[in-house]
Number of protein chains: 2
Amino acid sequence: MSGKRSPARRPTMKDIARHAGVSQSAVSFALNGRPGVSEDTRDRVRQVAEELGWRPSTAARALSGEGAATVGFVLARPADTLGVDSFFLQLVSGIQEVLAERHLGLLFQVVEDVADECAVYRRWWAEHRVDGVLVVDPRTDDPRPDLLDGLGLPAVVIGGAPDVRHPGLSTVWADDAGAMASVVDGLHALGHRRIVHIAGLPGLAHTERRVRTLRAEAERRGLPEVRSVTTDYSDAAGAAVTRRVLRGDAPPTALIYDNDVMAVAGAAAAAELGFAVPADVSVVSWEDSALCRMVKPWLSALSRDSVEFGRTAARELTALLDGGPARAVRVPVPRLTERGSTGAARDV
Amino acid sequence: MSGKRSPARRPTMKDIARHAGVSQSAVSFALNGRPGVSEDTRDRVRQVAEELGWRPSTAARALSGEGAATVGFVLARPADTLGVDSFFLQLVSGIQEVLAERHLGLLFQVVEDVADECAVYRRWWAEHRVDGVLVVDPRTDDPRPDLLDGLGLPAVVIGGAPDVRHPGLSTVWADDAGAMASVVDGLHALGHRRIVHIAGLPGLAHTERRVRTLRAEAERRGLPEVRSVTTDYSDAAGAAVTRRVLRGDAPPTALIYDNDVMAVAGAAAAAELGFAVPADVSVVSWEDSALCRMVKPWLSALSRDSVEFGRTAARELTALLDGGPARAVRVPVPRLTERGSTGAARDV
DNA sequence: TTTAGTGGCTAAAGCGCATTAGGGTCACCG
DNA sequence: CGGTGACCCTAATGCGCTTTAGCCACTAAA
């Protein structure tokens, strides 16, 4: 009835104090569970706050030293690269789940490269915008841990190996090395001797881990014709590299792709070249998603629970925000879901 | 040398004032381009601020009435639904581009349904967290415009039709009706008479628009065997519906899918059933992405520039934040990129 | 009876900024 | 030579919250 045309005013603690007939400080004590008010008053205040639909102004909270109730997440990828990638949305969705419970906001930003990412961290810190950040795509020789350490910004590195040089940062990681070893193991058992690993971006920590492990495994088994090729993760690169290696002399009999997009594109490229999957060449995707079940044959893939990965990372960050110690948490080794794209190596 | 172990302190305007030998107010005037200081002083203050790496505390800014310098974006989708969807990441990336220029943050949240989404808006508003929001997936009978209007929270609805009932909200929309008409036109010209539209979620405004238009076009041309089937956008649903309609009597000769994921899954399902694409059945995807070029034949698709779509939406929102009037902006009609999946209808 | 607590509350200060109301100083006009 | 702006600048206030200091009444101990 009252013509609610003018945008409603936000209720403040002052309003609550007035309605409840107490001082602002009493309201603050009551609402924050601090001693200094009787249970009676506390209940009354709580009730009034509820009725008024009061919520603490994050700005005011942040200003009086309580932190911004927000964590940051920066994705450093050129716009066109983040096309068909299920990993990040799932990761974020898991992160959200945990953050939402604690009413923590997620400040999200997409930038071009790591330098820009660092700039964003500096800005966020100076602007007092976030209490902590989640860092993805760790690199070999990464400037971010040093920066965040210096700023004193709590952070969880997602996908990096435990970093002894930065005891302030938590790490959540998957055992790529172990997974790679087991994949090579499986392929070797199937008779594969010539294996090419179509890797992701060079410089990324997990790319390097996989590449190193593959090389080590190959040496251990005495397989000279096993190697990695780095790419930019795009479908185009996946297809291009596939064509190149299959056209060479003594083409590989097994291909390991670092993501689903390249695996699908690569499998298609192989088929075009007349290589049957898996009769002529086996294909493994290091990322499972609906994509892997959209092509014929379905692609064998390493599955990991990206949503849970996100949850774990967020939990580590909240623990850090609560003053807990930094930790290195390993999530379960991704396991290979065998589908139709892997089989015994053709006799050479 | 000075043992920078303790996390650096954020410089404040007080620090600048001290270094520059002026009052805080002078600093404020200087830094915000307000009159009241000489150009000399202004430059000096700017320089000091620069040296100290000062950035305004958003908390303090927000508290003194300047807004939170942040806009919100809520995605109401169950976690497992947001798998292989290139649209949102691209949209967000476009949004970011515009927001970053103005140093506006993007608060991002994933929730289960629209009710939760509304709760998030209320909370954000009460907590003074955002200055405006971007709303996606508008529905028929949507509670959000009313809510946002009531809260006085500036908002841009992405993908909705212009809404005369909420003159406070801007709208950025694509002409689905026109696009649908032109697709039907093209298929009709190729001889197709039995067309099935495998649509997205019922209740979504653009789904309804497309469904309505398709029906109208069919009636206009006297095609009784043209219809829409709604789904949940998943690959599974796309494949299932495809199988169902192709197995029926008088199967359709053309299929229009509301997204790329369903189109690819559907095309695969058709192939499995022995329907050659496009000889037996033509396939059109209402979303273009790398996915469409990962299958054989490549899928004809309606391409729109999602990144630009995001930019446009963000620009409208910033205009709104600047006090500009609400507008309804139409982005270019998506155009059909003809690829190998569409062809003349087989003689019936 | 005084003294020391103690529980329940209020007043006041401070966080970092924007903004309003003045307070000097100088040049210019009458 | 006093008056009047214009120009630069400072002091002080408020935004909504947390927190410290302190007040008052009442009880328990000395």
Side-chain angles (χ1 to χ4, degrees), chain A residues 8-46 48-49 52-70 103 123-131, chain B residues 8-46 48-49 52-70 103 123-131:
Chain A
R9 204 176 62 82
R10 282 177 249 282
T12 72
M13 294 186 50
K14 204 187 272 181
D15 299 319
I16 301 178
R18 192 154 24 78
H19 281 248
V22 293
S23 72
Q24 274 197 52
S25 335
V27 174
S28 178
F29 293 149
L31 261 19
N32 293 317
R34 297 226 183 299
V37 288
S38 64
E39 277 313 302
D40 249 28
T41 310
R42 195 182 296 276
D43 286 348
R44 192 152 38 88
V45 167
R46 281 210 181 109
V48 174
L52 263 45
W54 177 87
R55 295 247 73 215
S57 147
T58 45
R61 272 245 162 101
L63 201 51
S64 39
E66 290 297 276
T70 306
H103 292 283
R123 198 153 52 72
W124 280 352
W125 172 80
E127 292 181 353
H128 205 160
R129 265 184 185 278
V130 299
D131 301 330
Chain B
R9 202 176 62 81
R10 281 176 250 282
T12 72
M13 293 185 52
K14 202 187 274 181
D15 300 320
I16 301 178
R18 193 154 24 79
H19 281 248
V22 293
S23 72
Q24 277 195 50
S25 337
V27 174
S28 178
F29 293 149
L31 261 20
N32 293 316
R34 298 229 182 300
V37 289
S38 64
E39 276 312 304
D40 248 29
T41 312
R42 197 183 293 277
D43 286 347
R44 192 153 37 91
V45 167
R46 281 212 182 108
V48 174
L52 263 46
W54 177 85
R55 293 249 74 213
S57 147
T58 45
R61 272 246 161 97
L63 200 53
S64 40
E66 292 297 278
T70 306
H103 291 285
R123 198 152 54 71
W124 279 354
W125 172 80
E127 292 180 353
H128 206 162
R129 266 185 185 277
V130 298
D131 300 330

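What you see is a predicted model; the values in this text were computed from it and never measured. A, B, ... follow the sequence lines: proteins, then strands. Residue 1 opens every chain.
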note = Distance col, row B:Arg55:CZ vs A:Arg123:CZ, nearest 0.5 angstrom, shows 6.0 Å
query = Using rotation axes that map the C1' atoms of four end pairs onto the next four (five pairs an end), what angle separates the end axes of the helix from C:dT1-D:dA30 to C:dG30-D:dC1, to 10°?
reply = 70°
Distance, rounded to the nearest Å, where B:Met13 contributes CE and C:dC15 contributes P = 14 Å
task = Could you list the residues that satisfy side-chain hydrogen bond (donor to acceptor under 3.5 Å, both in side chains) with A:Thr58, not counting sequence neighbours?
result = none
Tabulate below the donor-acceptor pairs under 3.5 Å that side-chain atoms of residues 27-36 of chain A make, not counting sequence neighbours, or state none.
unit_1  : atom_1 : unit_2  : atom_2 : d
A:Ser28 : OG     : A:Asn32 : ND2    : 3.4
A:Asn32 : OD1    : A:Arg61 : NH2    : 3.0
A:Asn32 : ND2    : A:Ser28 : O      : 3.1

remark   = Contacts of B:Arg10 meeting side-chain hydrogen bond (donor to acceptor under 3.5 Å, both in side chains) (sequence neighbours excluded), chain-then-number -> none
inquiry  = Please give me the minimum heavy-atom distance between B:His128 and B:Ala68, naming the atom from each residue.
reply    = O-CB, 3.6 Å
inquiry  = Applying side-chain hydrogen bond (donor to acceptor under 3.5 Å, both in side chains), can you list everything that pairs with B:Ser38, at least two apart in sequence or on another chain?
reply    = B:Thr41
message = Whole angstroms only, please: what is the CD-P distance between B:Glu66 and C:dC15?
response = 21 Å
remark   = Letter by letter from the 5' end, nucleotides 4-14 of chain C scores (B base, S sugar-phosphate only, - none; protein heavy atoms under 4.0 Å) ----SBBBB-B
request  = Could you list where the contact with chain B starts and ends along DNA chain D, reading 5' to 3', using a 4.0 Å heavy-atom cut-off?
outcome  = D:dC8 to D:dG16
ask   = Does A:Asp131 reach the main-chain N or O of A:Gly67 with its side chain, forming a donor-acceptor pair under 3.5 Å?
value = no
message = Heavy atoms only, 4.0 Å cut-off, all strands: where does B:Ser28 land among base, sugar-phosphate and nothing?
response = base
d(CG, B:Asn32; C1', C:dT20) in whole Å = 15 Å
task = Apply side-chain hydrogen bond (donor to acceptor under 3.5 Å, both in side chains) to B:Arg44 and list each qualifying residue two or more places apart in sequence or on a separate chain.
result = none
ask   = Under 4.0 Å between a side-chain N or O of B:Arg10 and OP1 or OP2 of C:dG16?
value = no
Show me the donor-acceptor pairs, under 3.5 Å and distance only, between side chains in residues 12-19 of chain A and residues at least two apart or in other chains.
unit_1  : atom_1 : unit_2  : atom_2 : d
A:Thr12 : OG1    : A:Lys14 : N      : 3.2
A:Asp15 : OD1    : A:Arg9  : NH2    : 3.1
A:Asp15 : OD1    : A:Arg18 : NH2    : 2.7
A:Asp15 : OD2    : A:Arg9  : NH2    : 3.0
A:Asp15 : OD2    : A:Thr12 : N      : 2.8

ask   = Could you state the CG-P distance from B:Leu63 to C:dC17, rounded to the nearest angstrom?
value = 12 Å
Sequence-distant partners of A:Ser23, side chain to side chain contact (heavy atoms under 4.5 Å, CB included), two or more places apart = A:Ser25, A:Ala26
query = Distance only, no hydrogens: is a donor on one side chain within 3.5 Å (strictly under) of an acceptor on the other, for B:Thr70 and A:Arg129?
reply = yes
